[in-house]
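Note that this is a predicted model, so its numbers are computed, not measured. Throughout, protein chains are lettered first and strands after them, A, B, ... in sequence-line order, and every chain is numbered starting at 1.
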Protein chains: 2
Amino acid sequence: MGRWEPNAVERLQYAAVALFLERGYAEVTVAEIAERAGLTKRTFFNHFTDKREVIFAGAAAFEADIVKHLTEVHADAKPLDAAVQALTRGGLDLTRYGEAACARRQVIASSPELQERELIKMAALARVIAKKLEDRLVPGRIALFSAQAAIAVFTAAYDAWIDDITADFATLMRQSLADMHLAIS
Amino acid sequence: MGRWEPNAVERLQYAAVALFLERGYAEVTVAEIAERAGLTKRTFFNHFTDKREVIFAGAAAFEADIVKHLTEVHADAKPLDAAVQALTRGGLDLTRYGEAACARRQVIASSPELQERELIKMAALARVIAKKLEDRLVPGRIALFSAQAAIAVFTAAYDAWIDDITADFATLMRQSLADMHLAIS
DNA sequence: TGAGTGAGTGCACTTGGTGCAATGACAGTC
DNA sequence: GACTGTCATTGCACCAAGTGCACTCACTCA
């Protein structure tokens, strides 16, 4: 593979997921990922700030997608409902990448280091959602609680969807939200 | 300081917090922490699995404390109320260590790495609480949502208490819980 | 007094991660 | 066709986190 093959980032992500599935996150070195992608360790760190990040490169796009959906939700929706609607639409966008999503989820589930990173990405997403809710004049703490609850609803629904990839994601979200209401009531 | 001075773990924790406050988490090496504690880097890693963990050594005790309080909550309390009561009592136990808690919080707030670790500790605590709620015959997903909501309530109240260490923690928890109910309703 | 225990140590090693200078494929310009 | 600039990629040296293993040595107890 020549020095100037295109799509270095995609090749690194693909190689990383494949190797993590084969041998487990901790057993794979960055040098091995880079080698499989026909690149070097130095190039890996030009594209990703650390080893975990190769799995979370899509998070920024997902966050942007959620924010876009959130701006399109009817202005007088209650904050929790607004956040849940945006996450439902964002989740539906994700369901296009079914098999890749499963592989990714499996890798994350196998490594505490990756779970840490996922939690902080979700926490950051919650803060962004909360900020957008504040733009709708929702008080700060109510906005944050709504966003956090919506993220919890989304995470539960997404896990359920990974368990049965043929299920309808919007339905899973409705069920998850109903359970959240039962839990808080 | 001789080789057999007692309280190696406490000395390492104390040295770590002091150095992190002085120069920031990332700028301090494990070797420096160990040196200030009169020990070596190797000994540090005999006591803590990694550099972050020196800040979270108390988490296991806190978790055990919460579980104990939870078992003492009246059996027919609603799951969210049960979890919130247990976390309120656990939080009150924490308020004894006021100044140390502030320093710790400040260190964590200054480092994304430490925030990641804190999030996973809280997520683990939520799972433990959820499991105990399931022992009360609360359905799995309701239990998890209740526990996560209670943790969110606790975190908000704890942050408020750090802002004003003279405030009554139980009152802050009540206010935080009320806001959570407003957010979900 | 001598064996055993266990906390602490020294050392070599792997791996994640960074700074810096060099390379070389490509585009555009004269 | 030579010249120039750009930028992804690379090589290299280096630091710090973390580990395995053998060793030391203060203390205990028979």
Would you compute the distance between atom CG of A:L70 and atom CZ of A:R136 and round it to the nearest 0.5 angstrom?
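Going from CG on A:L70 over to CZ on A:R136, the span is 5.5 Å.
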Would you say the ring centroid of A:F62 lies under 6.0 angstrom from that of A:F154?
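Here the rings of A:F154 and A:F62 have centres that are less than 6.0 Å from each other.
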Show the atom names and distances, to 0.1 Å, of all donor-acceptor pairs under 3.5 Å that link a side chain in residues 100-107 of chain B to residues at least two apart or in another chain.
residue : atom : partner : partner atom : Å
B:R104  : NH1  : B:I55   : O            : 2.6
B:R105  : NE   : B:D159  : OD1          : 3.1
B:R105  : NH1  : B:E118  : OE2          : 2.9
B:R105  : NH2  : B:D159  : OD1          : 2.6

Donor-acceptor check, side chain of [X] to backbone of [Y], threshold 3.5 angstrom: yes or no?
X      : Y      : value
B:D50  : B:E53  : yes
B:Q115 : B:I108 : yes
A:E32  : A:T29  : yes
A:R36  : A:A15  : no
A:N7   : A:E10  : no

Run the side-chain donor-acceptor check on residues 137-144 of chain A: report pairs under 3.5 Å with partners two or more places apart or on a different chain.
residue : atom : partner : partner atom : Å
A:R141  : NH1  : B:D179  : OD2          : 3.1

Would you classify A:V9 as touching base, sugar-phosphate or nothing, given that sugar-phosphate means primed atoms plus P, OP1 and OP2, and contacts are heavy atoms under 4.0 Å?
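The answer is nothing, as A:V9 stays clear of every strand by at least 4.0 Å.
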If you assign each of A:V28 and B:A8 to its closest nucleotide in DNA chain C, which residue comes earlier from the 5' end?
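Per heavy-atom nearest nucleotide, the more 5' residue is B:A8.
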Does B:Y25 have B:K51 sitting over its ring (NZ/CZ under 6.0 Å from centre, angle to axis within 45°)?
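The answer is yes, since B:K51 meets both limits relative to B:Y25.
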Listing time: all N or O pairs from protein to nucleotides 10-14 of chain C that are below 3.5 Å?
residue : atom : partner : partner atom : Å
C:dG10  : O6   : B:R42   : NE           : 3.3

Could you tell me how far apart [X] ([atom1]) and [N] ([atom2]) are, to the nearest whole angstrom?
X     : N      : atom1 : atom2 : answer
B:L12 : C:dG8  : CG    : C1'   : 11 Å
B:E27 : D:dA17 : CD    : P     : 11 Å
B:E10 : C:dA7  : CD    : C1'   : 14 Å
A:L39 : C:dA25 : CG    : C1'   : 15 Å

Pull out every residue in residues 44-59 of chain B that has a heavy atom closer than 4.0 Å to any atom of DNA chain C, ordered by number, or say none.
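Hits under 4.0 Å, by residue number: B:N46, B:H47.
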Go through residues 107-118 of chain B and report each residue with a non-hydrogen atom lying under 4.0 Å from DNA chain C, sorted by number.
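Residues of residues 107-118 of chain B that come under 4.0 Å of DNA chain C do not exist, since none gets that close.
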Using distance only, find each side-chain donor-acceptor pair of residues 72-80 of chain B under 3.5 Å and give its atom names and separation, not counting sequence neighbours.
residue : atom : partner : partner atom : Å
B:H74   : ND1  : B:D76   : N            : 3.3
B:H74   : ND1  : B:D76   : OD1          : 2.5

